[in-house]
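These values consider heavy atoms only, across backbone and side chains, with no hydrogens, waters or symmetry-generated copies. Predicted model, so just to flag it, every value in this text is computed and none were measured. Proteins get letters first, then strands, A, B, ... in listed order; numbering begins at 1 in each.
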Amino acid sequence: MTESIIILLAGIFLPLFPMSMVFNAVIESIKHAWLRAVLFVVWPLCGLSIVLYSKVVIPAWVLPLALTTSALYALRMLSLREVNQWNGFLATSLWSLLWLAAMQDTSEILLYSYALSMSAPLVLLVLLSAGLEQRFGAAYTELYSGLARTIPRFAGVLVTVVVAAIATPLFPTFFIMLDMVVETISATPFAAMVLLFIWLLWSWAGARLIQGLIVGRASDIKIVDMNFTTISLFSLVLMALIVAGIYLSGVIL
Amino acid sequence: MSLSVGQRLSIRSMIYVASEAIPFFYPMRTFIHHNPLHSLEDLPFEQAVQEGKRLFHGRVFLRRQDYQHYMEQGKVDSQDLAAQVAAYVSKREPIPGIDLQQWLQALLTKTEQKVVIRRNIASTEDVQRVINNQDLKQEAFSPDSLLPYLRHELLEDRPVYDAADALYGTEIVTELDELVIKSCLDFFDEGQSVWSMPGRRRGFFQAWRKVANRNIRLYLRGMHIKDILAVDDTPEGVIAHVMNALGIPEERWVDYFTRELAQLHGWSGFIRWRWNAKNYYWSKRYPADLIDLVAIRLTFALALLSERQDEWGFKDIATSALELEEAIESKTMETYLRYELHGKRILPAMAKRVEQTLARRNASQIDKTFNEYVTYKRQHEARTQADRLQMLAESINQLDALRALSADEFSDLLGSLLMFEFSEGMFWLRAMEAHAIKHLLTGVNITPPEPRHKRPFVQALFCIDTRSERIRRHLENAGDYQTYGIAGFFGVPLSFMELGKGSEKHLCPVLLTPKNLVLEMTVADAQDVHAVTALEKAMHELKESVLGPFVTVEAIGLLFGFDMLGKTLMPQTYNHWRKGLYRKKRSTHLLIDKLDREQADSVLRTVQRAVIIMAIEQDFGLEAERISDDMVRELRETALGRNTSAPKLASVLKLNKQQEREFILRLRDNYRIDAAYTQLQMERLARIGFSLDEQVNFVSQALYSIGLTKDFSRIILLFGHGSTSENNPYESALDCGACGGNHGLVSARVLAQMANKKEVRRKLLTKGINIPDDAWFVAALHNTTTDELSLYDLDHIPSTHIFYIDRLRNGLLAASRLCAQERLPTLQLKPQPREPAEAYREVERNAMDWSQVRPEWGLSRNAYMVIGRRSLTKEMSLEGRSFLHSYDYRLDPMQRLLENILTGPLVVAQWINMEHYFSTVDNEKFGSSSKVYHNVAGRFGVMTGGLSDLRTGLPSQTVLDKGLPYHEPLRLITLIEAPLEHARRAVESVVTVKNLVLNDWIRLLVIDPEKQNVYTYNNGQWNAQSLSDAHEPLVEKEYSTQ
Amino acid sequence: MKNLNFSSVKKLEIIISGEHQAYATDLLDNAGVTGYTIINNLSGKGSHGFHEGHLMFNEDDVLIMIIAAVPEEIVTPILEGLDPFYSEHSGVVFVSDIQVTRAVKFRG
């Protein structure tokens, strides 16, 4: 009995539907970008701590629920236009898959690093959408297009971050996903199929997001592009992520 | 529901009238420069461009920043601009404390963005309050005030599905366009695809209908095309059905059709052209017209709308004009919010709120959000407008004056600014033209040329093309050369059949249909070149077969790889080497004289005999040696019905009567050796060549029109021009427009041949032209990409002239090199000076490099057309920007020659000028954007990406340089050297040109060499000034009388 | 002498600018008209002013007249069909009664 309660509690932080709605509601209500960024880092760690500290044995029904949550949010992402909402949904979708990793007897330290590497690009995206809000008033696709023309540096960073977030190599999330698929394919092939499907949905949603912001006819209004310091910082973090990804690949595979 | 005949015909007419606004799209094999707003030339330029903007949603002037950029470069006449502003100001009510002239000047020169923005919610009073740092009045905003706005935006001038897209984000337009384009690509393919659409012979609509009825994909998507198509067999019936279902009243049908056609104006233009080109092979075979297109488009539109409605289900979207009206009337707030959101106008900060509210569809919440949004927007609009006004005011220290205005005065000021910005483009355009006119007038030389003592070494006739201007200058400097300008087809419209080709090319402006056919024949014995050309053909066809790629890559893939490496890494060397592999083209002879009956008979006989021999070889495998002449003659006579049997063949092959008869029948049906067809061919043969009188007339006309009737030099060169480039669908655009998009060599050869004939020269004497016996016309070609000047048909030249050829060749080479040297900096990434010989080598590379998107600039930067003697412009460099037509008014007392020049070459030049103008001001809408993304469609046009409208106009690489305009968009500045009355009479008798002048499509100047005055036609009247004060145009006089 | 049978048909004379020739003949074809005659290079005066007749360099600027003999029942449909065109363009259509001897040629 207590087991279920602990799981449900953890389900707020490692999102399981319907507790997943908490996170997204919280994110929506917070206006301050840095606070949001911190939340993105801390949230799954809380969930993981609950699970690992209580040493609870994760029951079998969590698997289908986690997969369903992940798939549901991935699907919903496709029609979202507001970037912060999109980000939150992607986070939900990603973090619920951590249940699978937890069920596969992955080491503690590895689990925490999974959570961190999943969240890292999302945090960057939070900062970028703050940048969009500052320049345009809202981070919203299909309202202002042609960013590649008007603010090319920003656009470049944005594309890279989105690509990192949706589990593209050589970023860490890719290897994490790959590992999960490989692990489940022999035991529960259906789960592997669902994982691949979710992954596909992320890519599709990522493409739509980019399409709604980067390409298209540029407006004539002058927008301030990213300055040199910011772009260096972003590039540094992205580089570090790639290194982490390569390192992680060695560890996992 | 079936339509009456009258209704059907009426719909056909409506679509015809609607389609007149869509410019023709000529297949790119012969690219024709034309004015995209040609159908609007009845309107004054200023009005026409506004109408064009409405129809095609394109910019018709450059952005203010671009004009400001030109101003910095000194290309804008500031005095003229100031005068125009002053004229504008004088027509407005003065506003106390505001120096409107100063304001407007600052607006033009110092601000980059538009100052006046469009406001729907905030009132002028609100703006004023913000400027004065006061709060906005708290007033309730009634949604009814938005009704006119919504009606205008959604109901007028907008197809129903487009309005639905703007309200519900249904993205019907993109899908509709895609479906229509796919249908077009399927039907209009001209041999590019290997599998073709079935049933095309029945016509576009019928063939499409058959396929669409069975299209499972469409059916699965829930698009019930079948139901719509079941209503009527005819396209007109379907159109009527859909239009009624959409609820469009009949009086608005024509405008609606125009809008539909303009959406994909490339394809519409192509179908329109194709239907008009009755002799076009594909048009005859697979007929299609715009009624079909509209029917297909409307069917898809209705199907998509219904499908979306089913999809949205309970959310009930408006899918007809009536439903739209109802939505606007009864659910105004919701409709407004929807339009803001999906019409991409929404203020970002409230985007998510609005989206969520609309998703929930709760009436009270919509009400609340609406009011919030409107308040927010009101603030935003007032703030934005106030900011822009303030910035402008501050830049001229008039902020206090602005704040001091009363409500009415403020409103006046905004009104004046708004109207000014609306007509701003014309002001800039006129100012730029004023500068260009000044530049021209300061350079012209009115003093008549000194009479010559000896004949020039060589006289050369070039096309009026702007690229000739450069080479003419350099040639004149290279020695004692005299050059003339004449239309590129030398005034001889002809249809040309090249050696070995089966089709004719029209070598004349598209406005004409040539009546004479010229054949190219070999001089030497016919040797079989089939082997080499067959290999060529096979290699290309292998690329096209579906299975080909798999086989080819294995078999000869390496060869292609080698080819690609060579072309890419060492274009020049490789191309030279490769050309050597092909058999050199044999020297040919042009048949330009009419055949007499005997000759025609003989030709036909020869051809038929060759065909019969081939038939025997094919059908029976008999070797050539065993086929005797008698046998062939017998067969021929039998096939033509003059004999009853052909025993000779039968005996050799041991055929029985039946087989013999069958062969004869095959000869008649398959090989067309029969009496009726023979008659037809004789008629066709009668088209060949020109009669002696025709030849005399053409030569005389050509020489008179350029003013060359005496003092002929020993050698007279006729330069046609053409271009060379690799991998360039726009290749034909760089060739000669006067020759219908082909090169001009053939026309040159024809005229040269005519002018060299003794009989022609004898008759020319009666017309007052005395060509001395030692004068010889030589055809030549100017390659505008490499500036190479090559001579042709030298084997006919009299031996006395051989000595001069060497000197001539040296002169030509020098001119080529110097011209290349002048041109090269414009083509380099970073202009670096080069020696002439080096430059000449470098430009040659452009012609061979398949990655070169800009082999030459072509006609970009064209601005002037000068009709007059060369002495007028000889001293100045026009930088390759001018069309030059030689003309001597003294030889033309009845203005007939001038009329000819106006009605032909001038119109062609205007078309070229307008094509460049619109492709420059909006390369996305009127031009074809970047060549890099072009894909050839069906062999006649290009699309951007995988699926798009057929691109019209010029690509960005032709008119833009690094994103900024390279071509200066100006209207053609036409200068005629003749007495004013003379020029006026000529212009007035040519209706087209008269309209162009009256409606300001061209800027007309007349230089009167006798009175030494220049007359400028401006705003309906002629302004005179003496040539010596030409650099101080009387601007006050020009603009004050309005 | 053979007996000639006269039948009544209507004659249409369509005066139109040369550039619209294809449109007009297409319309007549669609209406089921069996044949027509075209006269070129006309000059005349209309609400737009006097129109010069001589053949230009440009063949589109001339007036032409298309004459067709048609059965009575298709006169109204043809006029109905031409109506949207003539609302925007200059030219006229004359309808008159004529008689022909070989009626079969004119009935589609």
With a 4.5 Å heavy-atom cut-off (strictly below), which parts of residues 11-20 of chain A touch chain B? List them by number. none
Closest heavy-atom pair, B:A349 versus A:A138, reported as atoms and distance to 0.1 Å, is N-CB, 3.9 Å
Do you know which of B:E112, B:K352, B:E355 has the most heavy-atom pairs with chain A at a distance under 4.5 angstrom? B:K352
Counting only heavy atoms not in B:K53, do more than 12 sit closer than 6.0 Å to its NZ atom? no
Tell me the residues of residues 368-383 of chain B whose non-hydrogen atoms fall below 4.5 Å from those of chain A, in number order. none
Identify the heavy atoms of A:G137 and B:P348 that sit nearest to each other, and give their distance. C-CB, 3.9 Å
So which pairs with a foot in residues 189-210 of chain A pass side-chain hydrogen bond (donor to acceptor under 3.5 Å, both in side chains), sequence neighbours left out? A:S93-A:W202
Minimal heavy-atom distance between A:L143 and B:A351, with the atoms involved, is CD1-CB, 4.1 Å
Mark yes when over 12 heavy atoms from residues, nucleotides or ligands other than B:R119 sit less than 6.0 Å from its CZ; otherwise mark no. yes
Above 12 or not: heavy atoms from other molecules or residues under 6.0 Å from CD of B:Q365? yes
Tell me whether A:F136 at atom CZ has more than 12 heavy atoms from other residues, nucleotides or ligands lying less than 6.0 Å away. yes
Let me know if A:Q85 has heavy atoms under 4.5 Å from chain B in its side chain, its backbone, both or neither. side chain
For chain B, which residues from residues 75-82 of chain A lie under 4.5 Å away (heavy-atom distances)? A:R81, A:E82
